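Single-structure report; data block below.
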Amino acid sequence: MFNKIFIVNRGEIAVRVIRACKELGIRSAVVYSEADRFSLHVRHADESYALKGNTPKETYLNYPLILQTAKDIGADAIHPGYGFLSENEEFITSIENSGITFIGPSSTSVRMMGSKTAARQLMKRNGVPIVPGTTEPIQNIVDGKKTAAEIGYPVILKASLGGGGKGMKSVFTESEFDEAFLSAQREAIKAFGDDAVYIEKLIINPKHVEVQIIGDKHGNYVHLFERECSIQRRHQKIIEEAPSSFVDSAIRERLTMSAIDAAKACNYYNAGTIEFLMDADKNFFFLEMNTRLQVEHPVTELITCIDLVKEQISVAAGNVLSFTQGDVKLKGHAIECRVYAEDPVNNFLPSTGTVTFHRIPSGPGIRVDEGIDTGADISTFYDPLLTKISAISVNRKDAIMKMNHALSQYLIGGLQTNIPLLKWILEQETFLSGNYPINFIDNEFLAKEPAKLLQTRKDD
């Protein structure tokens, strides 16, 4: 096992990895920007190292400086958390060439799954269902219109190197195609430095379901069931569940085996997630692979009693997985809510300032992954995610009730948060039914005078 792990992230995920290191008896080291000098992850780590500046480019994305620091401090391994450099092929390659161990997949696997079109080709060759559409970028508007007509409207244009909803445009008629194509290209080049765009059939009101997998360097693969991630704003998840109440046992068997096939197709090892879209008839289609630990991994840990971060570290050290598929049992139902510093009524505008009061919820079945405490300064430099609250109980109904109570207990002073929205969602009939689509917030909240919907919760 490693002696020192360098955690090149911030916030709650850095704190989460530090906790795993402490439980394994491994020394933890972290980096921090000037804005994060007094942050929770800096105080929890055994060692901390400053990165001059505040912007992500200056600090948490400055991988030459980060790698040199790792060498200087004698780190055995680097854990990237999620976001930032976690799926940066160049960064991972540089680590591999340095002799330091990367706690994640190989750069080869990341490259294979990094391009959406290449990943679709790979999945198609390996029998994993994909949404009807192209497996190569569209070269021009004329070819795009021809393909769209063959697939049948509505269609969706996507950036080949995309993610987070950037470079995505839905097209319902041929008259909309030209502007949508050019707009998708503009967004793609701005966000990813590449204007390549491909086309898929647009699935109406889909659900977003993903499967957690993990593999070791000895060819062993295991799935840890699925997560339901359809409650999203701006293509970013805010509530996740495990398992999905929409997935029955027969679908679950096919879905999880397809996820294993996807991981095998790119010779994957360490933790990863295969994301699928599912239509109203429960047909599922490969969406993408996240070649890293997911934000929502706590719900999977709760329903399986498996520590994914410890397993990541063990696999990276060359050990065989500590469990087999037969050891993985589904226990209860778990829900996670992401608490953001933002104003849901004002188009989710980020909220900045100092946390003047912070009281987290507690009780049986409640888990809090926190990245802040009283006195924390919340800036505009980074993602506004503050904390993740997870609840587990014997069934979905009880887990929802437990979560609602936990959110009522959670008090944050000095900032505006999305807690009132989270509580509102948990009380809606569409959510309670379990049959909610990926555009739930757009249709049920943003389209219906958000201020009035949350008016009764203005003092929460």
Side-chain angles (χ1 to χ4, degrees), residues 1-10 13-14 17-18 20-21 24 26-31 47 49 51 56-57 59-116 118-119 122 161 163 192-194 213-222 262-274 288-294 297 308-322:
M1 194 59 78
F2 306 112
N3 294 313
K4 184 190 295 185
I5 291 177
F6 197 30
I7 303 161
V8 294
N9 215 299
R10 63 182 300 278
I13 188 58
V17 179
I18 291 168
C21 289
L24 290 169
I26 299 171
R27 193 165 181 82
S28 61
V30 298
V31 289
E47 303 174 15
Y49 300 91
L51 297 171
K57 184 177 181 180
T59 57
Y60 299 103
L61 290 174
N62 188 349
Y63 76 77
L65 178 58
I66 285 174
L67 183 57
Q68 186 58 53
T69 303
K71 294 175 181 177
D72 293 343
I73 67 173
D76 304 295
I78 291 177
H79 196 302
Y82 55 74
F84 290 131
L85 294 168
S86 60
E87 295 179 282
N88 186 304
E89 180 198 339
E90 291 183 7
F91 175 59
I92 299 169
T93 299
S94 67
I95 295 172
E96 292 168 341
N97 293 335
S98 74
I100 298 173
T101 300
F102 180 67
I103 301 177
S106 69
S107 58
T108 301
S109 295
V110 172
R111 181 176 65 254
M112 293 172 74
M113 303 306 285
S115 165
K116 301 299 185 289
L122 184 63
L161 299 181
F192 311 110
D194 188 316
I213 63 93
I214 190 165
D216 60 30
K217 297 178 181 179
H218 305 276
N220 301 302
Y221 293 89
V222 175
K264 289 180 177 179
C266 63
N267 299 312
Y268 196 88
Y269 56 74
N270 216 275
T273 298
I274 318 299
E288 64 180 352
M289 182 176 190
N290 290 133
T291 53
R292 53 170 168 79
L293 187 70
Q294 290 279 86
H297 75 274
L308 277 166
V309 179
K310 286 184 181 178
E311 205 66 30
Q312 275 193 297
I313 294 169
S314 178
V315 164
N319 298 318
V320 175
L321 284 171
S322 66

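This structure is a prediction, so every number in the text was calculated from the model and none was measured.
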Sequence neighbours excluded, the answer for ring-ring contact (aromatic ring centres under 6.0 Å, His included) partners of F84 is Y60
What residues form a ring-ring contact (aromatic ring centres under 6.0 Å, His included) with F91, not counting sequence neighbours?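 Listed in chain order: Y63.
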Decide yes or no for H297 and V309: does some side-chain heavy atom of the first lie under 4.5 Å from some side-chain heavy atom of the second?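 Contact flag for H297/V309 side chains = yes.
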Backbone N or O of N3 within a donor-acceptor pair of the D76 side chain at under 3.5 Å?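 Indeed, once roles are kept as given, a pair shorter than 3.5 Å links the two residues.
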How long is the straight-line distance from [atom2] of [Y] back to [atom1] of [X], given to the nearest 0.5 Å?
X    : Y    : atom1 : atom2 : result
I213 : M289 : CD1   : CE    : 4.0 Å
S94  : I78  : OG    : CD1   : 7.5 Å
I26  : I18  : CD1   : CD1   : 13.0 Å
L293 : N9   : CG    : CG    : 10.0 Å
K310 : C21  : NZ    : SG    : 10.5 Å
I5   : I100 : CD1   : CD1   : 12.0 Å

Shortest non-hydrogen contact from F102 toward A316: O-CB, 4.1 Å
Might you point out which heavy atoms bring I313 and M1 nearest each other, and give the distance in Å?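 In terms of heavy atoms, the two residues are closest at CG2-SD, 3.6 Å.
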Residues two or more places apart in sequence or in another chain: which of them pass side chain to side chain donor-acceptor pair (under 3.5 Å) with [X]?
X    : value
E311 : S322
S86  : none
S314 : N319
N270 : Q312

So the side chain to side chain donor-acceptor pair (under 3.5 Å) pairs with at least one residue in residues 65-74 (sequence neighbours excluded) are Q68-D72
Listed by chain and number, what are the side-chain contact (heavy atoms from CB on, under 4.5 Å) partners of [X], not counting sequence neighbours?
X    : value
D216 : H218, N220, V315, V320, L321
A29  : K4, F6, E47, Y49, I73
T59  : S33, L51, Y382
N267 : none

Side chain to side chain contact (heavy atoms under 4.5 Å, CB included) between M113 and L122, worked out: CA-CA 9 Å; M113 303 306 285; L122 184 63; 3.9 Å; yes
Start with the C-alpha gap between S28 and I7, add the side-chain angles, then the distance that decides, and say whether side chain to side chain contact (heavy atoms under 4.5 Å, CB included) holds. CA-CA 7 Å; S28 61; I7 303 161; 4.1 Å; yes
For V110 and R292: C-alpha separation, side-chain torsions, deciding distance, then whether side chain to side chain contact (heavy atoms under 4.5 Å, CB included) applies. CA-CA 9 Å; V110 172; R292 53 170 168 79; over 6 Å; no
Set of residues satisfying salt bridge (Lys or Arg N to Asp or Glu O under 4.0 Å) with respect to E89, sequence neighbours excluded: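 Once residues adjacent in sequence are excluded, the partners of E89 under the salt bridge (Lys or Arg N to Asp or Glu O under 4.0 Å) criterion are R111.
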Just do the side chain to side chain contact (heavy atoms under 4.5 Å, CB included) check on T108 and E96 with the steps written out, would you? CA-CA 11 Å; T108 301; E96 292 168 341; over 6 Å; no
